[in-house]
Protein chains: 2
Amino acid sequence: MEKIKIIIVDDHLLFSQSLAYLISKYKEFEVIGSYANGKEFISAYESADFNLPNIVLLDVNMPIMDGIETMKWIKEHHAELKVLALSVNDDEETIMKMITNGAKGYLLKDTDPIVFKEALLEVYNKGFYYTEIVSGFLINKLNQNETKIVLKEREVEFIKLACTEKTYKEIAEGMCLSPKTIDGYRENLFQKLELKTRIGLVLYAVKHKIVCI
Amino acid sequence: MEKIKIIIVDDHLLFSQSLAYLISKYKEFEVIGSYANGKEFISAYESADFNLPNIVLLDVNMPIMDGIETMKWIKEHHAELKVLALSVNDDEETIMKMITNGAKGYLLKDTDPIVFKEALLEVYNKGFYYTEIVSGFLINKLNQNETKIVLKEREVEFIKLACTEKTYKEIAEGMCLSPKTIDGYRENLFQKLELKTRIGLVLYAVKHKIVCI
DNA sequence: CTGAACAAGGGGAAAAAACCCCTTTTTTAT
DNA sequence: ATAAAAAAGGGGTTTTTTCCCCTTGTTCAG
């Protein structure tokens with residue numbers, strides 16, 4: 001019987017190599033490749049460096065090119081690839097980004113290996129495996145008429161500077177704008193994000209990973 | 001030959017169980033127990049639920065009882081235990097906390113399995129294994145006459161409130177103090193932490209995990 | 001017992017942040 | 001081609017923040 005071919009993309013060598021051993025214990029699967037980030041994976045894929053995998057296990061938090069970036073690339077270039085996301089990160093935003101970019105499932109790293117095996121089989125056979133947490137978020141999205149907040153380039157730039165000890169005047173200089181324009185950006189964002197103070201803006205930025213601390 | 005007995009404490013089942021397989025590939029070691037957090041490990045240890053381990057692999061970020069808490073308990077009750085910390089977290093504060101509480105080494109999870117094995121052997125034989133990053137920090141500590149910053153209860157309380165959209169007046173009410181006293185707290189902290197604005201204070205709080213976002 | 005350190009509070013003022021309402025120019029979508 | 005949005009800028013005001021220097025108790029070690 002042909003084994004189900006799996007590729008692992010994860011920067012934690014200790015994890016990916018261990019996981020490869022775990023998977024090799026299951027007779028249904030074999031790991032045909034292992035890469036430390038999206039870039040490495042894509043390079044290998046483009047040079048057809050391996051047999052086509054049936055499933056890609058994709059970590060979300062990686063240096064160089066993370067899971068979300070990688071997922072976007074896969075969606076554009078190889079939408080046929082079945083990706084099972086694997087992460088320690090259980091926040092809605094990340095999960096939804098992976099799912100909407102075409103991940104067939106999203107498992108947390110504290111998943112039981114038994115469940116993990118089930119998920120692998122389901123993704124292979126049925127095409128997807130959604131845990132309760134994921135389907136919960138999906139239902140949420142449908143029910144609440146989602147007013148997606150989109151931040152513009154320039155706004156993001158402003159937010160990043162607002163997360164420093166600079167005054168607005170200094171920020172204005174930094175962005176080559178008049179302080180009054182900065183005033184506008186601020187007021188705009190306060191309204192859009194339902195905030196009242198710069199403190200709120202900083203907290204928002206941290207929570208949504210606009211700035212990394 | 002007697003194998004070196006290892007215990008794994010990590011909340012990521014997929015990781016800990018995979019790692020156990022990896023370790024079992026090395027003939028020198030055997031995994032004699034696996035626990036999802038410090039609490040579970042301590043309970044098992046106290047009820048003498050297993051043979052004494054030669055090495056404990058301790059994850060830092062865990063729910064219920066994290067690596068640092070666990071390390072403190074070990075230092076107090078079983079300082080003879082050789083602990084090798086294992087984490088994705090490479091910030092100085094965390095690393096130093098683990099080391100000063102008696103961890104014999106601190107490995108990042110993106111360590112190569114070969115190095116990992118070396119580390120296990122060294123911890124067992126020599127009693128410690130310090131990677132470059134750790135010894136770098138250790139040297140730092142010695143050179144710079146460390147003025148350890150200690151925050152008082154009340155200060156921490158204030159900082160937490162400062163990380164909200166409340167005004168100082170509201171914070172004062174919340175802490176049952178006069179706004180002027182709050183002024184004092186602020187100025188004090190600004191000086192102590194070398195900050196200039198409340199934004200800086202918020203950033204400090206986030207970085208040092210005084211508030212969780 | 002005394003002096004240092006600390007917690008709590010205060011006056012007054014300058015700087016920064018927040019708010020409101022308004023104009024001009026540029027983009028964009030239909 | 002044109003109407004509607006969005007980007008940039010502004011005037012003027014109130015509130016909040018930041019800063020500096022000062023007083024009164026309390027605690028605690030030498």
Side-chain angles (χ1 to χ4, degrees), chain A residues 72 76 100 145-213, chain B residues 145-208 210-213:
Chain A
K72 281 181 188 163
E76 252 191 68
T100 55
N145 46 349
E146 182 65 12
T147 323
K148 179 104 197 299
I149 290 163
V150 184
L151 295 177
K152 278 156 278 193
E153 290 272 311
R154 209 72 174 142
E155 281 178 334
V156 170
E157 210 176 322
F158 165 70
I159 291 177
K160 282 180 181 166
L161 288 167
C163 293
T164 67
E165 293 198 319
K166 288 188 209 306
T167 67
Y168 287 129
K169 205 198 296 182
E170 290 166 336
I171 291 174
E173 278 168 31
M175 291 179 68
C176 298
L177 292 174
S178 124
K180 273 302 177 179
T181 306
I182 291 299
D183 251 56
Y185 276 79
R186 173 172 37 76
E187 295 310 321
N188 232 332
L189 283 168
F190 281 1
Q191 200 183 354
K192 188 146 81 174
L193 308 176
E194 297 178 88
L195 303 171
K196 283 197 300 289
T197 69
R198 186 167 163 182
I199 303 296
L201 192 59
V202 171
L203 262 15
Y204 177 92
V206 172
K207 180 158 12 184
H208 293 81
K209 305 191 214 324
I210 294 166
V211 288
C212 36
I213 38 94
Chain B
N145 46 350
E146 185 63 11
T147 322
K148 180 106 198 299
I149 290 163
V150 184
L151 295 176
K152 279 158 276 196
E153 291 270 315
R154 209 72 174 142
E155 282 177 331
V156 171
E157 210 176 322
F158 165 70
I159 292 178
K160 282 180 180 166
L161 288 167
C163 292
T164 66
E165 294 200 316
K166 287 189 210 304
T167 66
Y168 288 128
K169 204 199 295 182
E170 290 166 337
I171 292 175
E173 280 170 29
M175 291 180 69
C176 299
L177 291 174
S178 126
K180 272 302 179 181
T181 306
I182 290 300
D183 252 57
Y185 277 80
R186 174 172 36 76
E187 295 309 321
N188 232 331
L189 283 168
F190 280 2
Q191 200 183 355
K192 189 147 78 174
L193 307 176
E194 296 179 89
L195 302 171
K196 282 195 303 288
T197 68
R198 186 166 162 183
I199 303 296
L201 191 60
V202 171
L203 262 14
Y204 178 92
V206 171
K207 181 159 9 186
H208 293 80
I210 293 167
V211 287
C212 36
I213 38 96

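In what follows, chains carry the letters A, B, and so on, assigned in the order in which the sequence lines appear, proteins first and then strands, with residues in each chain numbered from 1.
The distance between atom CD of Glu153(A) and atom P of dA6(D), rounded to the nearest whole Å, is 16 Å. With rounding to whole Å, Met175(B) atom CE is found 10 Å from dG9(C) atom P. Rounded to whole angstrom, the span from the CZ atom of Phe158(B) across to the P atom of dA7(C) amounts to 14 Å. Residue Leu151(A) contributes atom CG, which lies 15 Å from atom C1' of dA6(D) at whole-angstrom precision. Following rounding to the nearest Å, Gln191(A) (CD) and dA7(D) (P) show an atom-to-atom distance of 14 Å. To the nearest angstrom, P of dA7(C) lies 8 Å from CG of Asn188(B). Atoms CD1 (Ile171(B)) and C1' (dT18(D)) sit 14 Å apart, rounded to a whole Å.
Inter-residue side-chain proximity for Leu151(B) and Ile210(B) is flagged as met; some heavy-atom pair is nearer than 4.5 Å. At a threshold of 4.5 Å between non-hydrogen side-chain atoms, the residues Arg186(A) and Arg198(A) do not count as touching. Between Leu177(B) and Phe158(B) there is no side-chain heavy-atom pair separated by less than 4.5 Å.
Checked for salt-bridge contact, Arg154(B) and Glu157(B) meet the test: a charged N lies under 4.0 Å from a carboxylate O.
Contact annotation: Thr181(A) reaches the phosphate of dG9(D) (side-chain N/O to OP1 or OP2, under 4.0 Å). Residue Lys196(B) places no side-chain N or O under 4.0 Å from the OP1 or OP2 atom of dT17(D). Residue Tyr185(B) places no side-chain N or O under 4.0 Å from the OP1 or OP2 atom of dG9(C). The side chain of Tyr168(B) contributes no N or O atom lying less than 4.0 Å from OP1 or OP2 of dT15(D).
If you check dG9(C), dA18(C), dA16(C) against the side chain of Thr167(A), the one that comes closest is dA16(C). For Glu187(A), whose side chain is taken as the heavy atoms from C-beta onward, the closest listed nucleotide among dT17(D), dA18(C), dA8(C) is dA18(C). Checking dA8(C), dT17(D), dC19(C) against every side-chain atom of Phe190(A), the shortest atom distance belongs to dC19(C). With dT16(D), dC19(D), dA18(C) as the candidates, the nucleotide lying closest to the side chain of Arg198(A) is dA18(C).
Of the possible polar contacts, none joining the Glu173(B) side chain to the Glu170(B) backbone as a donor-acceptor pair under 3.5 Å is found.
The nearest heavy atom of DNA chain C to Lys180(B) and to Thr197(B) marks one nucleotide each, and the one closer to the 5' end goes with Lys180(B). A residue-by-residue look at Asp183(A) and Glu155(B) shows that Glu155(B) has its nearest nucleotide of DNA chain C further toward the 5' end.
Looking at heavy-atom distances under 4.0 Å, Arg186(A) makes contact with a base.
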